[in-house]
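Computed from a predicted structure; not experimentally measured. Position 1 is the first residue of the sequence; numbering continues from there.
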Amino acid sequence: MSETIHIYHTNDLHSHFTNWPRIKSFLADRKRWHEEEGDVCLIFDIGDHADRSHPYTEGTTGKGNVLLLNEAEYDVVTIGNNEGITLSKEELNNLYVQADFEVVVSNLFDLEGQRPEWAKPYHIIRTAKGTRIGVVGATAEFTPFYRKLGWEITDAKASIVQVVKEIEGDTDLIICLSHLGIREDELLAELCPEIDILLGAHTHHIFHEGKWQGDTLLGAAGKFGYYIGHITIEEVFKKTKARLIETSSLHEVGEGFDEFLVEQGKKQLDELIFHSTKKLKAEWFKDSELGTLFGQALIDFAEADCALFNAGIFLEDMPEGAMTRYDFHKMLPHPINPCLVELSGAELKEIYLQSLNSEWPQLELKGMGFRGVVFGKMIHLNMELVDHRFYINGKLAVHDQIYRLVTLDMMTFGYFFPSLKRAAKTYFMPEFLRDVFSQYFRSRAFK
């Protein structure tokens, strides 16, 4: 290489737009400076830029995020699980229609084995001085969720290794955009030392000055736009340097931008669902009428025998008066899907007893789609324990009879109930909890 290359990277913004004006302004200034010096400037995003917990992303089904990336002049992005599995197949196929950047993701196909039109396994950038920069990318393997939506997700590391072998003879530098998480990145660097720079995401990890693993430099910029990663590649690759720029230290611009986008999303979601005749309070630590209605909505939707969920999912009360899509979104902003689990009476009783854990209600839960504050009380509908006897729908549970439990997808990931991870289950997609709850009222035309 006979030139200096500057790479700026972001990841896991999750539609936290407060810092976005600073990020955009900083990138514009740096791009201008570097190009005036005759250097190369490239800007990448490593996925989960969009998060449907924000009303702007919800109202635009992510297309608003793409417009923001366009305005900031990003060159290449990959997708995260929030782009991949919180949108329907049609919505994801339409997401990047107006993108001015390339999308690289090597391990996503439709069920017929065809790569979507908007995705490429790699992109090669040729600089003015002839340097060939190969950019590859892959996303995390949430296999059952992708399959339910009509996608086939393949082994991410294997797909990257294959693509790198394909392009290494035609490139001078290979950069990987990996929405796989830190442990997978470390394994990938071992499996594929031909990767020169590996930019990571998904686990929200931070490398303040990068991390060398063999001859591969790993970079990562945390989450929520708190940092912008900057990698400087000198003419001799071994002189490559990495650092993070803290966005809070940048000159403030665009004050009130997030509030502006919330208002835009509110307009997009201004669709009347029904008129509520009374206020229903969101209670995090006790049973409530709101929780009972929600549980009944889940049971009706999934045709289940009983329901189990945490009260901390309700972030707002249900007010008296008009309830719009925006109101349901405020109340249940989580990108969480319902899940139906088939369990014997004995297994269901064990789950019930585990759910009585006295430490869970105060747990400050992060991740797994949850966008609330605390876990809250576990709510049980159509199941109870009386005098050490377990009842389902008012009848004594039969030890070996199969029952249908509807719960939240995050309950099946193994953190709370390891046995649910192994149980037979059906994920409902693309419906979120708010979709199920709003449809419950819409279909009954409650007044």
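Summarising the geometry of G64 relative to Y56, their closest heavy-atom pair is CA-OH, 3.3 Å, with the distance given to 0.1 Å. Across every non-hydrogen atom of L290 and A282, the tightest pair is CD2-CA, 3.9 Å. Taking each heavy atom of N11 and A221 in turn, the nearest pair found is OD1-N, 3.1 Å. Here the closest non-hydrogen pair linking T4 and E234 is OG1-OE1, 3.4 Å. Considering every non-hydrogen atom in both A156 and L180, the closest pair reads CB-CD2, 3.4 Å. Here the shortest heavy-atom pairing between L340 and A304 reads CD1-CB, 3.8 Å.
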Can you list the steps and then say if N81 with H179 is a side chain to side chain donor-acceptor pair (under 3.5 Å)?
-> CA-CA 8 Å; N81 44 287; H179 197 91; 3.2 Å; yes

Decide side chain to side chain donor-acceptor pair (under 3.5 Å) for T232 and H230; before the verdict, give the C-alpha distance in whole Å, the side-chain angles of both, and the deciding distance to 0.1 Å.
-> CA-CA 7 Å; T232 305; H230 178 206; 3.3 Å; yes

Could you go through the side chain to side chain donor-acceptor pair (under 3.5 Å) check for D258 and H54 one step at a time?
-> CA-CA 10 Å; D258 183 65; H54 195 288; 2.9 Å; yes

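How far NZ of K330 is from CE of M323: 8.5 Å, rounded to the nearest 0.5 Å. Between the CD1 atom in I7 and the CD1 atom in I43 there is a gap of 11.0 Å [rounded to 0.5 Å]. With rounding to the nearest 0.5 Å, the separation of CD1 in I85 from CD1 in I79 is 9.5 Å. Atoms CG and CD1, on L108 and I153 in that order, are 5.0 Å from each other to the nearest 0.5 Å. Rounded to the nearest 0.5 Å, atoms CD1 (I182) and CD (E184) are 11.5 Å apart. Summarising the geometry, atom CD1 belonging to I174 is positioned 11.0 Å from atom CD1 belonging to I197; distances are rounded to the nearest 0.5 Å.
Considering only heavy atoms from C-beta on, H14 comes within 4.5 Å of F224 through its side chain. Counting only heavy atoms from C-beta outward, the side chains of D51 and R371 approach each other to under 4.5 Å. Side chains of I273 and R325 form a contact here, defined as non-hydrogen atoms less than 4.5 Å apart. Side-chain atoms of H34 and Y8, non-hydrogen and from C-beta on, do get closer than 4.5 Å to each other. Within the 4.5 Å cutoff, no side-chain heavy atoms of D327 are placed close to those of M318. Residues K425 and L420 have side chains not in contact (no heavy-atom distance under 4.5 Å, counting atoms from C-beta outward). Contact check for T216 versus C176: no side-chain heavy atoms found under the 4.5 Å cut-off. For the pair E252/R22, a side-chain contact is recorded, criterion being any heavy-atom separation below 4.5 Å from C-beta on.
Salt bridge annotation for D270-K267: absent, with no cationic side-chain nitrogen under 4.0 angstrom from a carboxylate oxygen. Salt-bridge formation is detected for the pair E152/R147: a Lys NZ or Arg NE/NH1/NH2 atom is positioned less than 4.0 Å from an Asp or Glu carboxylate oxygen.
Using modelled atom types, one side-chain atom of N70 and one backbone atom of D100 make a donor-acceptor pair closer than 3.5 Å. When atom types are taken as modelled, the side chain of T407 and the backbone of L308 share a donor-acceptor pair closer than 3.5 angstrom.
The environment of E431 atom CD is dense: over 12 non-hydrogen atoms of other residues, nucleotides or ligands sit within 6.0 angstrom. In this structure, K89 places its NZ atom where more than 12 heavy-atom neighbours from other residues, nucleotides or ligands lie under 6.0 Å away. Within 6.0 Å of CD on Q162 lie no more than 12 heavy atoms contributed by other residues, nucleotides or ligands.
For the residue pair T127 and E3, a side-chain donor N or O sits within less than 3.5 Å of a side-chain acceptor on the partner. Side-chain contact annotation: H49 with Y74, donor-acceptor N/O pair under 3.5 Å absent. For the residue pair D435 and Q439, no side-chain donor N or O sits within less than 3.5 Å of a side-chain acceptor on the partner. With 3.5 Å as the limit, one finds a donor-acceptor pair spanning the side chains of H380 and S355. Counted by atom type alone, H202 and D185 present zero donor-acceptor pairs between their side chains at under 3.5 Å. S15 and T57 share a side-chain donor-acceptor pair at under 3.5 Å. Residues T131 and D172 have side chains that never bring a donor and an acceptor to within less than 3.5 angstrom of each other.
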Which atom pairs, one a donor and one an acceptor, fall under 3.5 Å between side chains of residues 411-418 and the rest of the protein, sequence neighbours left out?
| unit_1 | atom_1 | unit_2 | atom_2 | d |
| --- | --- | --- | --- | --- |
| T412 | OG1 | D409 | O | 2.7 |
| T412 | OG1 | Y427 | OH | 2.8 |

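In this structure, the ring-ring contact (aromatic ring centres under 6.0 Å, His included) partners of F294, at least two apart in sequence or on a different chain, are F309, F314, F437. Not counting sequence neighbours, the partners of K211 by the side chain to side chain contact (heavy atoms under 4.5 Å, CB included) test are E186, F207, Q213, L218.
For the pairing with Y227, the side-chain contact (heavy atoms from CB on, under 4.5 Å) check across T247, L244, I23 returns one residue only, L244.
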